[in-house]
Amino acid sequence: MWSAVCLMMGFLVATPETPRVETSSIAPIKPASERFAAATDEVPDFRRHVLPLLSRLGCNGRACHGSFQGQGGLRLSLFGYDFDEDLTALTKGESPRVLAKDPAASKMLQKATEAVDHGGGQRMTADGWEHRLLVDWIKAGASGVKPSHHLNKLVIEPALIRFEEAGQTKNVRVTAYWSDGHNEDVTCLCRFQTNNSSFATVDETGKITSAARGDTNVIAFYDNGVAATSVITPVSHPSEATYAAVPAPTRVDELVMERLKLLGILPSRLTRDEEFLRRVSLDIAGTLPTAEEVRAFLKDKDPDKRSKKIDELLSTDAYAAWWATKFCDFTGDAEAEFDAPFQKPIARQWYEWVYKRVKENMPYDELVAGMVLGTGREQGESYASYSQRMTDILGKGQDDAFADRPTLPHFWARKSLRTNEAKALRFAHAFLGIRLECAQCHKHPFDQWTKQEFDEFTAFFQRVNYGVAPDATKEFRALQSETGLAELKGKEQRERLIELVKQGKPIPVREVFVATSDKAGKVVGKKKNPTPSRAITPTLLGGEEVVLSSKEDPRAAVLEWMRRADNPYFATAIVNRVWAHYFGVGIIDPPDDLNLANPPSNEKLLTELTKGFIESGYDMKWLHRTVTNSHAYQRSWEPNETNKLDSRNFSRALLRRLPAEVTFDAVAVATSASSVQHKLITDTKHRAVYLGGVGPSGGPANFALKIFGQSDRKTICDCARDSDPSVSQAIYMQNDRDVNAALDRPDGWVKEVTNKLKPEQPVVSKTNSAVKDPKTGFTLAEINDKITKMERRISSDKLTDAEKKQMNVRLTRLKQAKTSLTPATPKPSPKTENAKVDHAERQRMVEEVYLRTVSRYPTTEERAEATRYLKDSPNLASGLRDLLWVMLNTKEFITNH
Amino acid sequence: MSILNHHGVLGRREFLRLGVLGTTGLTLANYLQAANAGAAHGKARSAIFIHLAGGPSHLDTFDPKPEGPTDIRGEFSTIETKTAGLRISEQLPNLAKCSNLYSVLRGVSHNLAAHDLGQNYVLSGNRPTAGLEYPAMGAVITKELTVDRDLPPYVAIPRANVGPGYLGVAYGAFDTNAAPKAGQPFVVRGLTAPGASTTKTVSRRHQLLKNLDNRFGSFQSEDQLLAGLDQFSQKAYDILQSSRTREAFDIAKESPEIHKRFGGSSLGQSALLASRLVEAGVRFVTITDGGWDTHQDNFNRLKEKLLPGLDQGVSALLTTLEERGLLKETVVIVTGEFGRTPKINKDTGRDHWPRAMFMLVAGGGIRPGQVIGSSDETGAGPKDTTITPDDVVATLFTTLGIDPTKEYHTPIGRPVMIVREGKPIPELIG
């Protein structure tokens, strides 16, 4: 029974006409463990009772008969849900597991009770209800699934358990609500799992035991249903008055505090202004504030200065650059995904397209729509015009022109997205924050997804192709032969392509297109059938079938579904990811793993934020503002006795290592001369947050980005970005040529300060410019020039290791020659130089170093210590360099706190 | 979020332990025995773990079934070795010649057929569970054994696949970020001598860092990130201050003969580097060698690339360590995260198969020249007794003098044994 509803976008959505059963209207029947405790007339149902029981007993687990090669000759579908296959496996074949004549002698029972040898040991006893249930099912004919019903809902009660202390226990009850009105207590047929056994454990009967003060979730699994209960053992018992004294100025704060009260946790104090400024600048714009900015912010008396700073940061190019990088992380822009020789410009085009939209604050749903509906040619564009246009864009580096195109096809053009399955996986992860990998082969072990549902979702992407569209085949071939590319291969072909593009001659480009010839998608709105069938109807996650005409873009149907206000994933996924960015932990965590067995730590908070975000018109800046203006975001890292161990309820700031790109930029900004700092920050196109946006590639920052864990964008996981520290990172900060160069560069701060102090620095002696080194035959000027060039070459990453070694040998020789030509320059004695600087001035320098690295003034002790160090240094330059080096190597610098 | 509870209720081993051993108290006795064994042994000083990432076929290497049906046996025939009763793949002639230096474990078995889960299991010796990430062996070794302060205790070539888990980032590996290449100097960037500064100024500067880097007060020792940053920073300083680490990484210091012996493969060159590192005093080296996930074209890939590198690299490592008198104090383990399906698939490949795999173990007082355990006729599972990854890791720790039953506390205070399930394999260390 299906009705077809015509939607304005021109495709059909069929919805089941099953009347919605009011889940609470019918009292659930008693659990099977009671009903089958003694002889009964009831015939057990294969789907409702037999398979869930087998699941609970572990029969279809991966280690046992759920293994893809089976076990002991019996193979069941992993975690159940392939009903026909499982029924066949049990009842048919050479060695059926059921014996109708003598049910109790059935092999499946003999094995499970270990009456005969069983590799899996004894799973039940012969006198239990489990045994009777299975015997009764076999007796009644061991029949399979009645296709009429499906599970509407699985409910676990209580939904929240609050213990007083560790060791206490509580039993949960799980009820299954079926589409035919059958409601049943299925507690004894569920599998249970705790999400953190350190806080609570659960046994197979659903008895939960508190293990320690804190909170986690216990999950029940039954059929394709997953239900979670929140288990709390309060950390302490503060008075109402204590909580009343904590202001909650925003809705976010009210909801966070609501949860903290339940947990008996008190939040940390608010950040001081300088702490807030550093945190919010790094988070929103990936930018370290300058000393000048910190001073100005601290002086500002405006009570709204924090909000204003947030708005100011959101309007910077750096915000757009950094968040475009984040979006490209989520969606997987990487050079390795595209064909040579244009992989670099194509990855860059992708980034620029996103950057432009983040900069304009395009509503998130529209931005995503442009990626989802990406096609090569624009509406009505001819192939000839398209290939000419793409050639021009490549040849002239017109990334802006590319960014102006309404859609971004590159998401679909990737090498790793050649199969429909890969398209579905990437899509689900990028835009819905869900991981479908498991359902690719079997029932998802901790979510509702079945293999059939995965296949049905995959069907949406079947017609999305990358290649030569049928209407362009002729032109494509003609271009291939005209350009001579048809006869070329490999390197020669790549070189010709580059040459053609340079000359502006159109090249045969491939494109993303939606095939209209509908090979596999000939679908009609037929009844949803739980048994696998060959013709797969595209079905949205959650169960709606979509009837597509052969000319529609099937992705539009998915997009329409995503944009519905009640879509459980699309808006939630980005809201949760943005939250996770600011807090170091998602409301659902990992942030890209939205599944029923991984419930949010604060459901109300996530729901309300998501609702607000949709109502704002998917306004990203609304989301950033709402999160960062909350006290929850502006709390200190300093823990108190109650929240020391809390890492998921937002009672304090979690310390986070700076992300790779942000670290590289922060080193550059902290070490640069004040005169160039502003340009360095605002000229975003030279910063790592922008350059690194295309993912792993060459370039000067590449090494640093790699060891600091830039996303490789290969793994379909947000965790592809690594935020752990390592010895390699410490070695980099202490001794890498990048950091040394940053400290010593001509437009660096150390040079700036020392140059100012000794403008009249006399040139001690002049070398006769005509004198040549006897060994090399070069003058000093020539040698200096060569050394500079050589050093640049060596650090360019363009040389092979062997070439580098060779060059280093030559470099050493030149340096020796240089020393022999340069007359010994008498160093200014410490006394003379340091005498020019008085104590107050030294203190100001110390202050400056603190402000430009850790964005705060030094404490009295720190100031004294550092000032003394400067005074005792052999010369001012080396003292300042050391102090700057020291501050770069503090934990305070490398973390966001 | 964990992954594991879903993969079957209790594994067979756990079932047995809880059901039988748990009630008789045998567990404790075994643990005590193991603990004593640990005290008695500890001949080893270092270990090298060669991880054949992707999961090498046991049937085409150390556990062939020459009598098996063609769709299982595969394309390779077998050859004799120096070890009585041990026949291995014909593609491993050099390893056949030095089999007196190692023992082979067959029918090592677990049930996690996904790469990451299997790697976590094999490299930690603990089956992954909900809400707790177990530390890689190298992290435990870093915690338990002292190392000269100017050396990294734990080096991963090119990088570690399994992290330090609940021990925290401070016990993570030092990644080289690259594998050495034949004929090219190997420099770990950043390990060059620190600038032009003199030792005196460098140490003065370092003292200043110590004095100023105290913003987080006592929270420094409670927060994992801060503790990790601290430890790494100190370590980096010590490493940079001495030339030992630099020299250990400098494989060019080896003679051309030695280079030739290890061969040009990435595995061979990495093994050469590993031998220098343990000689310098590094405690634990992991080599991750990729490409073993042979779902397609198993035999050609093994024959042309994978097995020659393994054969030459590992045999060179064992003989070189032996010649230098280092083998007796260096444990070497070679294995993957699982074996591969006995049945050859339609793409002439083999798929993931954790129920039977091989491991090669040598050195550090481990008794060589044995075959321990066996798989069934088709190589589908263990024949009699089951050896688990837990047992192998417990053995490794025991040889290093680390008691595998020692309890750690997770950050929230939960007690956990270093290896929860395994017992040292008596034939190897008895």
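A note on names: the letters A, B, ... follow the listed sequences, proteins ahead of strands, and every chain is numbered from 1. Computation of the quantities below employed the complete heavy-atom set of this structure, encompassing side-chain atoms and omitting hydrogens, waters and symmetry-equivalent molecules.
- The shortest heavy-atom contact between Glu865(A) and Leu212(B) is CG-CD2, 3.8 Å.
- Within the 4.5 angstrom heavy-atom criterion, no atom of Arg213(A) approaches chain B.
- Ranked by heavy-atom pairs under 4.5 Å with chain A, the first of Lys343(B), Gln184(B), Gln234(B) is Gln184(B).
- Distance check, rounded to the nearest 0.5 Å: CG of Leu655(A) to CG of Leu226(B) gives 5.0 Å.
- Of the listed residues Pro185(B), Gly172(B), Ala173(B), the one with more heavy-atom pairs under 4.5 angstrom with chain A than any other is Pro185(B).
- Here Lys644(A) is the residue among Gln729(A), Arg657(A), Lys706(A), Lys644(A) with the most heavy-atom pairs under 4.5 Å with chain B.
- In this structure, CG in Leu208(B) is found 6.0 Å from CG in Leu883(A), a value given to the nearest 0.5 Å.
- Of the two parts of Ala380(B), neither the backbone nor the side chain holds a non-hydrogen atom closer than 4.5 Å to a non-hydrogen atom of chain A.
- Residues Thr895(A) and Leu229(B) approach most closely at CG2-CD1, 3.6 Å, considering heavy atoms.
- If you tally non-hydrogen atom pairs under 4.5 Å between each of Trp885(A), Phe893(A), Tyr732(A) and chain B, the highest count goes to Trp885(A).
- Heavy atoms of Leu654(A) lying under 4.5 Å from chain B are absent altogether.
- Electrostatic pairing of Asp738(A) and Arg189(B) counts as a salt bridge here, judged by a charged N lying under 4.0 Å from a carboxylate O.
- Atom CD of Gln207(B) is surrounded by more than 12 heavy atoms from other residues, nucleotides or ligands within 6.0 Å.
- In this structure, Gln734(A) and Arg205(B) approach most closely via the heavy-atom pair O-NH2, 4.3 Å.
- Rounded to the nearest 0.5 angstrom, Gln224(B) CD and Asp724(A) CG are separated by 9.0 Å.
- Minimum interatomic distance between Arg204(B) and Pro874(A) (heavy atoms only, all atoms of both residues): NH1-CD, 4.2 Å.
- Of all non-hydrogen atoms in Ser728(A) and Asp175(B), the two that sit nearest each other are OG-O, 3.4 Å.
- Only the side chain of Pro639(A) has a heavy atom closer than 4.5 Å to any heavy atom of chain B.
- Under the ring pair (Phe, Tyr, Trp, His ring centres under 6.0 Å) criterion, His352(B) pairs with His115(B), His295(B), Phe338(B), not counting sequence neighbours.
- Atom CG of Leu225(B) is separated from atom CD1 of Ile894(A) by 9.5 Å, given to the nearest 0.5 angstrom.
- Inter-residue side-chain proximity for Phe174(B) and Ile731(A) is flagged as met; some heavy-atom pair is nearer than 4.5 Å.
- A pairwise comparison of heavy atoms in Phe232(B) and Ala730(A) identifies O-CB, 3.4 Å as the closest pair.
- In this structure, chain B has a heavy atom under 4.5 Å from the side chain of Arg856(A), while its backbone stays farther away.
- For Asp230(B), the parts lying under 4.5 angstrom from a heavy atom of chain A are both the backbone and the side chain.
- If you take OG on Ser233(B) and CE on Met733(A), they are separated by 10.0 Å, rounding to the nearest 0.5 Å.
- Within residues 213-223 of chain B, the residues approaching chain A closer than 4.5 Å by heavy atoms are, in numerical order, Asp213(B), Arg215(B), Phe216(B), Phe219(B), Gln220(B), Glu222(B), Asp223(B).
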